S.K.: 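I'd like to ask you about the structure that follows.
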Protein chains: 2
Amino acid sequence: MQHSLKNIFPNFSHELIATIEENGSLQDFEAGTVLMRTGQYIKNTVLIIKGKIKIYREGEDGGEFLMYYLQPGQACAISMICTAKSEKSQIMAKVVEEVTVMMIPLQLMDKWMMEHRSWYEFVIETYRSRFEEVLEVVDNIAFRSMDERLEFYLKRHSDACGCSEVNLSHQEIATELNTSREVVSRLLKKMEQRGLVKLNRNQIELLK
Amino acid sequence: MQHSLKNIFPNFSHELIATIEENGSLQDFEAGTVLMRTGQYIKNTVLIIKGKIKIYREGEDGGEFLMYYLQPGQACAISMICTAKSEKSQIMAKVVEEVTVMMIPLQLMDKWMMEHRSWYEFVIETYRSRFEEVLEVVDNIAFRSMDERLEFYLKRHSDACGCSEVNLSHQEIATELNTSREVVSRLLKKMEQRGLVKLNRNQIELLK
DNA sequence: ATTAGTTTGTGTTTTTGTCACATTGAGCGA
DNA sequence: TCGCTCAATGTGACAAAAACACAAACTAAT
């Protein structure tokens, strides 16, 4: 196996890993693919093996509000939460960097909870960490102003991609923060004046 | 037992209910009590037997942003999520209407997951429904303007208390929406002009 | 080089929030 | 009951933030 599951999910037991390899199916998706749409029925739990995914909440007016990133070793909490019932997805998932994911049929996800302690712990920890992340999102929009949120957004982006260049247009950033492009442009300009960033076309360099 | 657990939690098995009655401890709290503070360590899972609780996210500047209500038959997801690790609470819980709660030591919560199918299903369903509720909160603050949020707030209040009078000051409402009192006053006045509410002192009557 | 399309900039208007202060009404003691 | 105090609400002026409309700059393709 190309990507060792044991390395990516170090807490999984050997039996669990064997079971996953036996029952799950590896799939690749290229950047830009929408893995899951709002309202779609979920039939698989998704484990991230390689690459990056962004999770969005969609507004009625077509807004795409960025909630958080999913990275290797993590799983989509929504796809776990909508268990046996096969509920509709409440979110939209988009690939930002070519991913390899492990698809696990939902009924197995439920079965393993009883059979594999390490799976149980992983699921609970996934719930916990995603819930916390969403609470942080609430904090940001409830208590912080746009300039703080923009800084946080850029920081998170560079943390996720591991680089200091953001290759997005102001419009794309505005959409993910659910504000207007002009606001983003102006705030970025202010940040440039404060020496926090350097603005190029289609690219923002983070200086700190 | 005064409040039959079987009535309040109809999906619990008889063995589970017996175990809860044996190991849990019933406690009463009067309106206004803060059951859990942000940053506090959690040692119990809380099941609501009677009354109502509001769950808040606290801002650094002392803001108290209302997330959702907990009612009989529900449980605090945060208190479940912070399992064995005994994590710190990310939220603040305040009693709005005299409550009776069942306190369950965290280690039991974890143990029962394996032993009682109906407990497992309840926990998963609690995660799911609370997660969904938080996502709706994100929707509200990310996509909606203050007037829509205020209407939603009032509707939710009347749903929760089962009446059409809101006995709160404008200031209290403003705090829970993290805005200023003047804004709430003005928006309420507009709603009154539109015939949606009738404003009295310390009371708002919902007309629709 | 011309043109179409995207990205960024800028002035104006609208909305939202802040501040300072006025008004109202309830409760309470003299 | 009168008058006092205090919390609740109203209001206008102002500041900040965001939305809107349009202009300018740049890119890429023909």
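Since this is a predicted model, take the numbers as computed values, not measurements.
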S.K.: Whole Å only: how far is the CD atom of B/Q193 from the C1' atom of D/dT11?
M.R.: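 Distance check: B/Q193 CD to D/dT11 C1' gives 14 Å.
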
S.K.: In whole Å, what is the span from the CG atom of B/N200 to the P atom of D/dG10?
M.R.: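 B/N200 atom CG is separated from D/dG10 atom P by 11 Å.
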
S.K.: Taking the side chain as C-beta and beyond, is there a heavy-atom pair between A/F122 and A/L47 under 4.5 Å?
M.R.: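 A/F122 reaches A/L47 side chain to side chain.
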
S.K.: Within 45 degrees of the axis of the six-membered ring of B/Y68 and under 6.0 Å from its centre: does B/R130 put its NZ or CZ there?
M.R.: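 Here B/R130 passes the 6.0 Å and 45° test against B/Y68.
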
S.K.: Taking atom C1' of D/dA23 as reference, at what distance in whole Å does atom CD of A/E182 sit?
M.R.: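 My rounded result for the distance is 12 Å.
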
S.K.: First contact, last contact: which nucleotides of DNA chain C are these for chain A, 5' to 3', heavy-atom distance under 4.0 Å?
M.R.: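 Counting from the 5' end, contacts occupy C/dT6 to C/dG11.
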
S.K.: Side-chain N or O of A/S145 versus OP1/OP2 of D/dA16: is the shortest distance under 4.0 Å?
M.R.: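 False: A/S145 side-chain N/O out of range (4.0 Å or more) of D/dA16 OP1/OP2.
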
S.K.: Does one side chain, of A/Q171 or A/T175, offer a donor that lies under 3.5 Å from an acceptor on the other?
M.R.: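 A/T175 and A/Q171 do have a side-chain donor-acceptor pair below 3.5 Å.
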
S.K.: Over how many whole Å does the gap from B/E192 atom CD to D/dT9 atom C1' extend?
M.R.: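 About 12 Å, once rounded to whole Å.
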
S.K.: Just so I know, are the side chains of A/V138 and B/V138 near enough to count as touching, which here means a heavy-atom distance under 4.5 Å?
M.R.: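 A/V138 vs B/V138: side chains touch.
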
S.K.: What residue among B/R186, B/M191, B/Q193 forms side chain to side chain contact (heavy atoms under 4.5 Å, CB included) with B/K189?
M.R.: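 When side chain to side chain contact (heavy atoms under 4.5 Å, CB included) is applied between B/K189 and each of B/R186, B/M191, B/Q193, only B/Q193 qualifies.
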
S.K.: Can you check nucleotides 5-8 of chain D for protein contacts, nitrogen or oxygen pairs under 3.5 Å, and list what you find?
M.R.:
from  : atom 1 : to     : atom 2 : distance (Å)
D/dA7 : N3     : B/R201 : NH2    : 3.3
D/dA8 : O4'    : B/R201 : NH2    : 3.1

S.K.: Under 3.5 Å, side chain of B/N44 to main-chain N/O of B/M103, donor-acceptor pair present?
M.R.: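 Not a single qualifying donor-acceptor pair exists.
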
S.K.: According to salt bridge (charged side-chain N to carboxylate O under 4.0 Å, His left out), who are the partners of B/E121, at least two apart in sequence or on a separate chain?
M.R.: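 Salt bridge (charged side-chain N to carboxylate O under 4.0 Å, His left out) check on B/E121 returns B/R117.
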
S.K.: Between the main-chain N or O of A/F12 and the side-chain N or O of A/K6, is there a donor-acceptor pair closer than 3.5 Å?
M.R.: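 Pair found, side chain donor or acceptor close to backbone of A/F12.
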
S.K.: Rounded to the nearest Å, what distance is computed from the NZ atom of residue B/K190 to the P atom of nucleotide D/dT11?
M.R.: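 It is 13 Å, rounded to the nearest whole Å.
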
S.K.: Should A/T179 be listed as having a side-chain N or O under 4.0 Å from OP1 or OP2 of D/dA18?
M.R.: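 It does not, given that no N or O in the side chain of A/T179 lies less than 4.0 Å from OP1 or OP2 of D/dA18.
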
S.K.: I'd like to check B/T38 versus B/Y56 (side-chain heavy atoms, cut-off strictly below 4.5 Å). Are they in contact?
M.R.: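 Not in contact.
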
S.K.: Please give, in whole Å, the distance from D/dT9 P to B/K198 NZ?
M.R.: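 Rounding to the nearest Å, NZ of B/K198 and P of D/dT9 are 13 Å apart.
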
